[in-house]
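Just so it is clear: chains get the letters A, B, ... in the order the sequence lines come, proteins before strands, and each one is counted from 1.
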Number of protein chains: 2
Amino acid sequence: MNAFIKKPPRASRRPSAPGSKPKRTRVEQRDATRAGILDAARAHFEERGFEGANVRAIAAEAGVAAGTVLLHFTDKRDLLHAALFEDLERTADLAIRSTPQADLRAQLRHIARCFFDYYAARPALSRTLLEESLLAKPPWAGRFASQVARVHVHLARLVEEAKAAGTLDPSVDAPLLGVSFFSFYYFALIAWVQGAHPDPLALTDKLVAVHLQGLAPRPAPSLTVSPNKKGKPRAR
Amino acid sequence: MNAFIKKPPRASRRPSAPGSKPKRTRVEQRDATRAGILDAARAHFEERGFEGANVRAIAAEAGVAAGTVLLHFTDKRDLLHAALFEDLERTADLAIRSTPQADLRAQLRHIARCFFDYYAARPALSRTLLEESLLAKPPWAGRFASQVARVHVHLARLVEEAKAAGTLDPSVDAPLLGVSFFSFYYFALIAWVQGAHPDPLALTDKLVAVHLQGLAPRPAPSLTVSPNKKGKPRAR
DNA sequence: GCTTCTTGATGAACGCGTTCACTGAACGTG
DNA sequence: CACGTTCAGTGAACGCGTTCATCAAGAAGC
């Protein structure tokens, strides 16, 4: 600008709240601005979806300039993740922490339900959140993968427990069974998001049930038999 | 424009090819323009990916204005699908037509390979093509779903044949087994696209193998046993 | 306390997807 | 053949995500 003209202080210099705020450190300032942007982002994204929300409106609600948003977050997608990933992390924590002592099928059903609840609570965002959890680019891809890995470890532990309890054949590959579960879970979620299936939990449970049935302990080939043995899969 | 000034004819009035072209019908013109745009779109999308390609550059290569592209196609995504969906349809046709007479596992492996080859041939586009095949919006969602349904019918037929041949338990739900296959196939493809797994075909095959093992015919509970019976799943 | 450095913030400019007012040639009709 | 209509095509304008030159206030150094 023209150096001879002293510009007046800019309007809304700080993120606005009525009445002046005491001076604060840069870190406090940065954190407060970031928190305000995230709050506004959550509200906008959840209400209008990812594409329906726009950065200028989010910035306006946070009381900052659009450029400020992009100073704190790499881009619009980064903002979405920063706003909502913590909720997904809490969901994973809950799924792990609250897994009941029950048969494996019920446990897997419980875990699936926790995640489905997360998506069901955000219908306008479910497609984008799912898309990103599956196909995000670095660095978020790594974070989603870590989260899946965390749940996967938990699943493998549940599988080992089922083997020890005799409800799964000892030869079952626990990590691979975890991958099967994730396959069913994601397919059901995609079908739900696309409106092709109304109840992703029921579909997941069904697929899991058939898969687990096939992994039930089988008698060793033997001349000794027990008339009480259950062996026939449920017809469907 | 100023009615008193006669504008010279616009440059590149028609989609350009050196030398004048004979007059042609509107339908011919429309189809020729559309084909030229699709050719340019394929080249740009395959080379630079969906986001790396831009509509103005595609239009320039097709010898038309950007607005012309949007006259023929709803938006940039519609252009992508119009450019590449036929290839995916041919891939599905090939997968169905060339399924060998073999055990079910080999047949499913073959089908998966055909589709994986389609994605592998377009590395720059694989993520977007996969994303769209899973999560596209109408009307393309319907088209992708129809295609999946077509393959699903084929899978169910293969499953019934396996049941008839005695390699699957008669109680197996053929459509549900098809859904399991799609779950494994998509999970493996996502893992590949994300760089989390180098060989989607091997992963799919592994998941399918375990699943099918669990659906092998089981002896009815009986006092009669055959020492030759194979029954233990492969340990992993 | 002053000077210099660092960094949080700004908002206009830019790139690109999309819209739309306008153009002109093909088409249909009298 | 003339003329009104239809529609393929145009490209500037617009919306929105992102960039970047600039500003100003906190922090560090002397």
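The CG-C1' distance, from Leu70(B) to dA8(D), rounds to 14 Å in whole Å. Computed from coordinates, the Leu71(B) CG to dT18(C) P distance equals 14 Å when rounded to whole Å. Across the protein-nucleic acid pair, Asn54(B) atom CG and dC16(D) atom P stand 20 Å apart, rounded to whole Å. Nucleotide dG9(D) holds its C1' atom 17 Å from the CD atom of Glu28(B), rounded to whole Å. In this structure, Arg34(A) places its CZ atom 12 Å from P of dA9(C), rounding to the nearest Å. Rounded to whole angstrom, the span from the CG atom of Asp31(A) across to the C1' atom of dA9(C) amounts to 15 Å. Atom pair Lys76(A):NZ and dG15(D):P shows a separation of 16 Å (rounding to whole Å applied). Atom pair His72(A):NE2 and dT7(C):C1' shows a separation of 10 Å (rounding to whole Å applied).
Across all strands shown, Ala53(A) has heavy atoms under 4.0 Å from sugar-phosphate atoms exclusively, and none from any base.
Here the closest heavy-atom approach between residue Gln107(B) and residue Pro100(B) is recorded as NE2-O, 2.9 Å.
Between Thr68(A) and dT10(C) there is a side-chain polar atom (N or O) within less than 4.0 angstrom of OP1 or OP2. When the side-chain nitrogen and oxygen atoms of Gln29(B) are compared with OP1 and OP2 of dG9(D), one or more of them lie within a distance under 4.0 Å.
Nearest-nucleotide mapping onto DNA chain D: of Ala66(B) and Glu51(A), the residue sitting toward the 5' end is Ala66(B).
With Thr204(B) as reference, Phe181(B) is the one residue of Phe181(B), Phe187(B), Phe115(B), Tyr186(B) to meet the side-chain contact (heavy atoms from CB on, under 4.5 Å) rule.
Side-chain atoms of Cys114(A) and Tyr118(A), non-hydrogen and from C-beta on, never get closer than 4.5 Å to each other.
Under the rule for a salt bridge (Lys or Arg N to Asp or Glu O under 4.0 Å), Asp78(A) has no partner lying at least two apart in sequence or in another chain.
Here the side chain of Arg26(B) is nearest to one of dT18(D), dA25(C), dG8(C), namely dA25(C). Here the side chain of Thr25(B) is nearest to one of dA27(D), dT18(D), dC27(C), namely dC27(C).
In summary, the side chains of His154(B) and Thr99(B) do present a donor paired with an acceptor at a separation below 3.5 Å, with no hydrogens or angles considered.
With hydrogens and angles left out, the side chain of Arg56(B) and the base of dG15(C) share no donor-acceptor pair within 3.5 Å.
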